[in-house]
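Only one structure is covered here, and it is reproduced in the block below.
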Amino acid sequence: MKQERLIVSGFINMRVESVGGDLQVVGWERMEVQARTDGDVLTLAAEEQTIRAGCPGDLILYLPREANLQIMSVAGDADLRALTGSVQVQSVGGDLQMRNVGAVDAGNVGGDLSVRSCVGGLSARSVGGDASLRDIHGAVMIVAGADLYFR
């Protein structure tokens, strides 16, 4: 298991390049980014106001709640919680679950999509499985491959 952390100041953009396993991202009140993986390889680097992370295994990230999050590629499932900044997702191979997030723009989700409490709207261009949406405050655009549950 490998763990790293970066102290940050001000507003940041978090970019998750590639995760070979599952991804978990949790927003917190600290002005630091903490990354942990189950393997021995972990990338966590800062370039001005952008922090980049990635690993070949599972990745757990804690970051300031207000940060904008961009996820390029996750091979497994992704679980995102307590993030008030914008969330952009290019590709998640498995299920994508989000709770208490800001505006979401998702590209390809291979499995199911579950969103509870999204402020700022939701766009999901391709969901391979079921989609369950609850408490979305904003416009919704979604293409689901199976059932759509909307509350």
Side-chain angles (χ1 to χ4, degrees), residues 6 8 10-37 42-151:
L6 291 173
V8 298
F11 182 79
I12 66 162
N13 294 303
M14 183 76 218
R15 181 178 169 110
V16 178
E17 299 286 343
S18 178
V19 176
D22 296 337
L23 171 68
Q24 180 180 356
V25 181
V26 179
W28 62 2
E29 298 300 325
R30 298 182 191 175
M31 290 305 294
E32 71 179 61
V33 174
Q34 189 176 95
R36 185 172 52 215
T37 182
L42 173 63
T43 302
L44 185 65
E47 298 171 7
E48 295 180 11
Q49 293 305 110
T50 300
I51 311 253
R52 298 179 187 279
C55 70
D58 294 343
L59 177 63
I60 299 172
L61 282 174
Y62 294 93
L63 55 127
R65 196 178 299 273
E66 299 81 18
N68 287 333
L69 175 64
Q70 183 180 26
I71 298 170
M72 302 308 293
S73 176
V74 176
D77 298 332
D79 183 5
L80 316 176
R81 296 176 187 268
L83 301 166
T84 60
S86 67
V87 176
Q88 292 182 310
V89 178
Q90 292 291 327
S91 178
V92 173
D95 298 337
L96 174 59
Q97 179 174 298
M98 294 180 274
R99 300 287 183 264
N100 301 316
V101 294
V104 175
D105 181 17
N108 183 36
V109 178
D112 297 336
L113 172 67
S114 174
V115 182
R116 180 177 290 170
S117 189
C118 172
V119 177
L122 168 74
S123 172
R125 289 179 292 288
S126 176
V127 178
D130 296 337
S132 176
L133 311 177
R134 182 177 181 167
D135 297 328
I136 310 299
H137 302 276
V140 174
M141 192 290 296
I142 186 166
V143 177
D147 296 331
L148 172 64
Y149 304 97
F150 191 72
R151 295 175 101 180

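Here, residue 1 is the first one in the sequence, and each next residue gets the next number. Not measured: the values here are computed from a predicted model.
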T43 side chain to A53 backbone, donor-acceptor under 3.5 Å: no
Straight-line distance of Q70 CD to R15 CZ, nearest 0.5 Å: 4.5 Å
Test item: Y62 and R36 side chains (from C-beta on) under 4.5 Å apart, heavy atoms: yes
Point-to-point distance, once rounded to the nearest 0.5 Å, from CE of M31 to CD of E66: 7.5 Å
Qualifying side chain to side chain donor-acceptor pair (under 3.5 Å) pairs with a residue from residues 73-82, counting only residues at least two apart or across chains: D79-R81
Distance (rounded to the nearest 0.5 Å) between D22 CG and D95 CG: 9.5 Å
pair S86-D105: side-chain heavy atoms closer than 4.5 Å: no
Only pairs under 3.5 Å count here: list side-chain donor-acceptor contacts from residues 127-151, not counting sequence neighbours, and write none if there are none.
unit_1: D130; atom_1: OD1; unit_2: D147; atom_2: N; d: 3.1
unit_1: D147; atom_1: OD2; unit_2: Y149; atom_2: OH; d: 3.3

Contact list for residues 90-111, test ring pair (Phe, Tyr, Trp, His ring centres under 6.0 Å), sequence neighbours left out: none
Side chain proximity check, L59 to L42, heavy atoms < 4.5 angstrom: yes
Heavy-atom side-chain proximity of I60 to Q34 below 4.5 angstrom: no
Main-chain N/O of F11 paired to Q49 side chain as donor or acceptor, under 3.5 Å: yes
Side chain to side chain, L80 and V104, heavy atoms closer than 4.5 Å: no
Check: R99 and S114 side chains under 4.5 Å, non-hydrogen atoms: yes
Residue pair I51 / L44, side-chain heavy-atom distance below 4.5 Å: yes
